[in-house]
Amino acid sequence: MSRLLRGTLILTAATFFSKFIGMLYIIPFNALVGTKGLALYGYAYNPYTVLLSIATMGVPLAVSKFVSKYNTLGDYETGRRLLKSGLWIMTATGCIAFLILYLMAPGLASNILGKHDGVGNSVEDITFVIRMVSTALIFVPSMSLIRGYFQGFQSMGPTAVSQVIEQIVRILFILIASYIVIKVMHGDLTTAVGLATFAATVGAVGGLLVLLWYWNRRRPYLKKLYSESKVESTVSLPAIYKEIVSYAVPFVAVGLAIPLYKNIDQFTVVSTLQNAGYSLKKAEAVFAMVTQTSHQLVMIPVSLATAFALTLIPVITKSYTEDDRETLNKQITQSFQITLFLTVPAAIGLSVLAYPAYGTLFTLGDIKLGGQILEWYSLSGIWFAMFTVTAAIMQGLNRQKFALFSMLVGILFKLSLNIPLVLLWQGIGSIIATNIGYTVSILINLYVIKKYGEFSYKWVIRRSILILAFGLAMALVVYLVKAPIEHSFDGVYTKARGVVVLTAGIISGGLVYFFLSYRSGLIGLVLGQRFKFLKRKNQKAT
């Protein structure tokens, strides 16, 4: 059990680190390519992410579950057969996905743009970058299968290391290639962004090489296990893949949600804004701010919150299987509490500090529009985190199919509301449509958890009110701290001044939230099981 826990923590840390650096790179990349380049990058990456999710179909988690099951039975040969045949199938799936995206690129590009006034990106530009990123689909599915196979042996190291190496190689290639093209060779923006999207392929090859290195090292050990297999493998290949699909499909819901929402924005925001009178250049800037810059900032606290909360999912599965309702209720309550405790203050704080945050980290010329969008989009982080955690809890309760259903219902709301709301409120309208879609999905998930987990929301509601109250108190202090500093600038903003406001706001807000949480005992109740020093001596966990 200690090995499993250690492996889970290693994988959680690696996943968070990979996502964290995968979000931060957007700051120097934005400085190199601007909002036009970020929009072009998003045009390529959004459809790629959807096809990638479909091509891999939740493979790592599904394969790890399958291999772990048969290894427990002493049948190592069945898992080996899955790996050997699966590598062929995943390679074929990846090649098919590559061809689909490569061939569809011109059609996708022409549907993204509305009227073209010669100022923004062209159909040819978008076609080029989509085709550059499509090559990654050849390698990633096979890499996912190998990762899942290692995880089935409760060996999380290969997955963790390959994830980190893949992300580091990808980001270094993005930044170095973009810098050389733009600053050294004085090349065009499309070439730089095309190489940035091709970085997904370079990173995938790096991650795959790491896995092959691990495989070579562990081959003697695996051969020994195969020879000691206690059970003769009698499971047919069709039966193997039927079981894998039954495991994999529900996992796609969580992975597909954000990419699908971003793709709806991709195919509606730019053209709708142009119909509302925006130039193509400004419409693309709004699209880049919604789907790239603001989104990446918001996802940093979301990743931290969900990384903490999702480590409870395996124990939720255990409690549900053993029908231990009292423990199950405590574990679900803890998952919600951790998510809200970390996400709510981060979302509120980022909303209050939206203008200095955007002006400090991104293109200063867009501070007014970017700050306004970030101010609204910051609160979406709460919805993203809650959907991820509720969907994961449903997996722990073995109700995965409802997660897929709720995601699809939310997507329908987003799809039907996006264009009218964008016409009414431009970029803010897209954010509102996203939040409405996620709200519907979360409400469905909460109902399913209550019904099948026999869960009471009494304590979650009480703690949520307290967290919200502390978050608003924190926001008031941050506003009172930043207002006189901004007033002293006489309306003239620079990046250095933005850093001053941001630093003062983060420190004052963080101290207030921590003080209120500690004095009330809330922080001990939420995180005390993981960090004992946070529990006050006279405090009893509820």
Side-chain angles (χ1 to χ4, degrees), residues 26 30 33-50 101 104-131 133 188-190 192-194 197 258-296 358 362-363 365-377 380 411-437:
I26 204 78
N30 171 244
V33 300
T35 50
K36 180 184 176 183
L38 282 183
L40 186 58
Y41 184 83
Y43 292 149
Y45 236 83
N46 292 338
Y48 160 75
T49 309
V50 171
L101 189 56
M104 286 178 62
L108 291 172
S110 61
N111 282 306
I112 289 168
L113 298 180
K115 296 169 286 185
H116 193 273
D117 57 16
V119 177
N121 293 298
S122 67
V123 171
E124 291 75 20
D125 295 334
I126 299 171
T127 301
F128 172 70
V129 294
I130 291 176
R131 285 180 166 173
V133 78
D188 63 276
L189 183 68
T190 303
V193 176
T197 58
I258 288 177
L260 285 176
Y261 275 81
K262 290 172 76 173
N263 269 273
I264 292 172
D265 284 331
Q266 176 157 318
F267 289 102
T268 56
V269 168
V270 174
S271 57
T272 303
L273 286 176
Q274 288 185 90
N275 292 334
Y278 277 51
S279 66
L280 175 58
K281 182 179 179 180
K282 190 172 181 182
E284 287 193 318
V286 172
F287 168 75
M289 290 170 186
V290 172
T291 63
Q292 295 296 319
T293 52
S294 296
H295 179 79
Q296 300 288 27
Y358 200 92
F362 300 112
T363 308
D366 297 319
I367 184 173
K368 187 175 181 181
L369 180 60
Q372 183 187 40
I373 288 174
L374 181 58
E375 187 176 42
W376 280 81
Y377 199 78
S380 302
I411 288 291
L412 287 175
F413 272 83
K414 167 72 173 175
L415 196 58
S416 59
L417 292 172
N418 213 51
I419 290 176
L421 291 182
V422 169
L423 284 171
L424 280 172
W425 297 302
Q426 292 76 53
I428 308 300
S430 164
I431 297 166
I432 293 171
T434 294
N435 290 346
I436 291 173

Heavy-atom distance under 4.5 Å between the side chains of [X] and [Y], does that happen here?
X	Y	result
L40	Y43	yes
E284	K36	yes
P106	V123	no
I373	I431	yes
I112	F287	no
D125	S122	yes
I26	Q292	yes

Can you tell me how far apart [atom1] ([X]) and [atom2] ([Y]) are? Round to the nearest 0.5 Å.
X	Y	atom1	atom2	value
Q426	L421	CD	CG	11.0 Å
T268	N275	OG1	CG	11.0 Å
L417	S430	CG	OG	11.0 Å
Y377	T291	OH	OG1	8.0 Å
Y358	L374	OH	CG	8.0 Å

What's the verdict on side chain to side chain contact (heavy atoms under 4.5 Å, CB included) for V193 and V33, showing C-alpha distance, side-chain angles and the deciding distance? CA-CA 8 Å; V193 176; V33 300; 4.3 Å; yes
Pairing residues for F267 by the ring pair (Phe, Tyr, Trp, His ring centres under 6.0 Å) criterion, not counting sequence neighbours: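 Result, ring pair (Phe, Tyr, Trp, His ring centres under 6.0 Å) vs F267: none returned.
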What residues form a ring pair (Phe, Tyr, Trp, His ring centres under 6.0 Å) with Y41, not counting sequence neighbours?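 Partners of Y41 by the ring pair (Phe, Tyr, Trp, His ring centres under 6.0 Å) criterion, ordered by chain and then number, come out as F29, Y45.
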Checking the side chain of N418 only, and the main-chain atoms of V269 only, is there a donor and an acceptor separated by less than 3.5 Å?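 Answer holds: no.
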Are any side-chain N or O atoms of S294 and backbone N or O atoms of M289, one a donor and one an acceptor, separated by less than 3.5 Å?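 Yes, because the side chain of S294 sits within donor-acceptor range (under 3.5 Å) of the backbone of M289.
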Quick one: closest heavy-atom pair of [X] and [Y], and the distance?
X	Y	answer
G427	V286	CA-CG1, 3.7 Å
V290	H295	O-CB, 3.6 Å
T197	V129	OG1-O, 3.4 Å

For K414, check salt bridge (Lys or Arg N to Asp or Glu O under 4.0 Å) against everything at least two apart and list the hits.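 So K414 forms a salt bridge (Lys or Arg N to Asp or Glu O under 4.0 Å) with D265.
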Applying side chain to side chain contact (heavy atoms under 4.5 Å, CB included) to L108 and I126, what does each step give before you reach the verdict? CA-CA 8 Å; L108 291 172; I126 299 171; over 6 Å; no
Using the side-chain contact (heavy atoms from CB on, under 4.5 Å) criterion, which residues pair with [X]? Sequence neighbours excluded.
X	value
L423	T272, A276, I419
A288	T35, L38, A39
A105	T127, I130, R131
E375	S351, A354, Y355

Could you go through V270 and Y278, starting from their C-alpha distance and side-chain angles, then the distance that decides it, and tell me whether this counts as side chain to side chain contact (heavy atoms under 4.5 Å, CB included)? CA-CA 9 Å; V270 174; Y278 277 51; over 6 Å; no
With sequence neighbours excluded, residues passing side chain to side chain donor-acceptor pair (under 3.5 Å) with [X]:
X	answer
Q266	N46
S380	N435
T49	none
Y261	none

